[in-house]
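In what follows, a single structure is set out as structure tokens and then discussed.
These numbers come from the heavy atoms of this one structure, side chains and all, not from hydrogens, waters or symmetry mates. Note that this is a predicted model, so its numbers are computed, not measured. Indexing begins at 1, ligand by ligand and atom by atom, following the structure's order.
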Amino acid sequence: MTLSITVASGKGGVGKTTISANLGVALAELGKDVTILDADIEMANLELLFGLEGMKTTLHHVLAGQGPPSDAMYEGPAGVKIIPAGVSLEGLRDADPDMLENVLEELMDQTEILILDSPAGLGKSAVTSLALGQELLLIANPEISSMSDALKTKIVAKKLGAHVMGVVLNRAGTDATDLTIEEVQTILEATVVATVPEDSEVRKASAAGVPLVIKSPNSPAAVAIKKLAADLIGEKYVPHESEKTSFVKRFIGGLFGGR
Ligand code: ADP
Ligand code: MG
């Protein structure tokens, strides 16, 4: 039985694609069979985070009835499978958004965990991914403008039968006016399951086309996402090898006054 998680927010640019990609890789690193699908068929950018831009066969082809989803599936770090949506306007023109539902149904049972990187807003493909994901992971920034869209998305998802897994507060800690976890929980009536800090490594990783959890596994945002991945599957977070080594080095350095 596939666990499907819709990563949604309402508002654009809050970190859905960043969290989808890195949570997917982190879960794959924990031994899960994970597929990440770019359900943002109009403003696709999942492929950029994996350095997969320019792939000939994408979700657009599948939605144009030119082949099964497996034709547009690529392998990423830790064996995670990625279905990019394609960035060409030509491909988008031929893609039929109504086919998304069939694609998602076809993918069910083909993978252990299916992550749907949902588009912003409440358009057709956003609503389809909200309807087909069993679990909703709501991404929000700790600012008031992010809250009303997140709330709308949550209400629609619940109406469509999804279970709210929780809220990821992304890009936290940038401003003194940041909403607190308690405030966010009260406004959204949902639990904050992770707080991912603002981290300059996120942009560097996306510029390099390598997921953050691989490129900078010890960066604060990567650690927060890896902890979330472990929590989601009920495992204990184990720090990355070099994270442990650097701690030991610092500890020994502190004891003996040297490195
Ligand atoms: P969405 O998919 O919701 O539109 P993205 O994941 O594409 O959002 O993120 C939007 C922008 O914010 C990107 O440039 C991304 O690199 C940046 N970003 C996301 N999360 C963080 C973070 N924790 N720290 C710093 N920059 C971030
Ligand atoms: Mg996105």
Side-chain angles (χ1 to χ4, degrees), residues 5-26 36-53 58-60 76 82-87 92 97 100 115-123 125-130 133 136-143 145-154 157 167-175 178-179 181 184 188 192-229:
I5 305 172
T6 304
V7 177
S9 65
K11 193 169 184 280
V14 295
K16 293 177 293 296
T17 303
T18 303
I19 304 292
S20 298
N22 287 289
L23 182 61
V25 176
I36 315 169
L37 178 128
D38 194 344
D40 195 350
I41 56 174
E42 284 164 17
M43 295 291 173
N45 56 6
L46 181 71
E47 57 223 72
L48 305 179
L49 270 57
F50 285 98
L52 283 173
E53 57 272 26
T58 67
L59 182 63
H60 283 163
I82 301 130
I83 303 183
V87 287
L92 178 61
L100 186 61
I115 297 180
L116 305 173
D117 179 15
S118 181
L122 287 169
S125 41
V127 172
T128 305
S129 47
L130 290 173
L136 171 71
L137 195 59
L138 209 49
I139 315 297
N141 295 153
E143 58 191 38
S145 67
S146 174
M147 292 296 123
S148 62
D149 294 353
L151 191 56
K152 270 186 226 154
T153 303
K154 190 196 102 168
V167 181
V168 174
L169 261 190
N170 186 34
R171 310 196 74 163
T174 48
D175 204 287
D178 271 7
L179 294 171
I181 291 176
V184 171
L188 297 180
V192 171
V193 289
T195 302
V196 179
E198 173 74 20
D199 186 339
S200 58
E201 291 299 315
V202 173
R203 265 165 213 259
K204 287 187 203 157
S206 73
V210 179
L212 175 78
V213 291
I214 298 293
K215 186 166 187 299
S216 305
N218 301 329
S219 69
V223 170
I225 296 171
K226 287 189 289 177
K227 280 187 177 150
L228 171 65

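- For the pair S129 (side chain) and T6 (backbone), a donor-acceptor distance under 3.5 Å is absent.
- Atom 13 (C) of ligand 1 is never approached by the protein to below 4.0 angstrom, counting heavy atoms only.
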Check: Hey, mind stepping through N170 and I19 against side-chain contact (heavy atoms from CB on, under 4.5 Å) and telling me if it holds?
Finding: CA-CA 9 Å; N170 186 34; I19 304 292; 4.3 Å; yes
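- Atoms of ligand 1 lying under 4.0 Å from any heavy atom of N170, numbered from 1 in the order shown and given with element: 19 (C), 20 (N), 21 (C), 22 (C), 23 (N).
- Between the choices G12, G13, A205, the shortest heavy-atom distance to atom 10 (C) of ligand 1 belongs to G13.
- Remark: side-chain polar atoms of K226 are paired, donor with acceptor, to backbone N or O of P217 under 3.5 angstrom.
- Residue side and main chain included, T17 places an N/O/S atom under 2.8 Å of the Mg ion (ligand 2).
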Evaluate I139 against T18 for side-chain contact (heavy atoms from CB on, under 4.5 Å), listing each step before the verdict. CA-CA 10 Å; I139 315 297; T18 303; over 6 Å; no
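- Of the listed options K16, R171, K11, R171 places a heavy atom closest to atom 26 (N) of ligand 1.
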- Run the side-chain contact (heavy atoms from CB on, under 4.5 Å) check on I115 and L137 step by step: do they pass? CA-CA 10 Å; I115 297 180; L137 195 59; over 6 Å; no
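- Side chain of T153 to backbone of G10: a donor-acceptor contact under 3.5 angstrom is found.
- Of the possible polar contacts, one joining the N22 side chain to the V213 backbone as a donor-acceptor pair under 3.5 Å is found.
- Of all protein heavy atoms, the one closest to atom 24 (N) of ligand 1 is D199 N, 2.9 Å.
- Residue G15 has at least one heavy-atom neighbour below 4.0 Å for each of these atoms of ligand 1: 1 (P), 3 (O), 5 (P), 6 (O), 8 (O), 9 (O).
- Under a 3.5 Å cut-off, the side chain of D117 and the backbone N or O of S20 do not form any donor-acceptor pair.
- Taking atom 7 (O) of ligand 1 as the reference point, the nearest protein heavy-atom neighbour is N45 ND2, 3.9 Å.
- Taking only non-hydrogen atoms, the option from V202, V7, L48 nearest to atom 18 (N) of ligand 1 is V202.
- Here P197 has backbone heavy atoms under 4.0 Å from ligand 1, and that is the only part of it that gets that close.
- For a threshold of 3.5 Å applied to N or O pairs, the pair formed by D117 and ligand 1 contains no separation below that value.
- Nearest non-hydrogen protein atom to atom 6 (O) of ligand 1 is T18 OG1, 2.6 Å.
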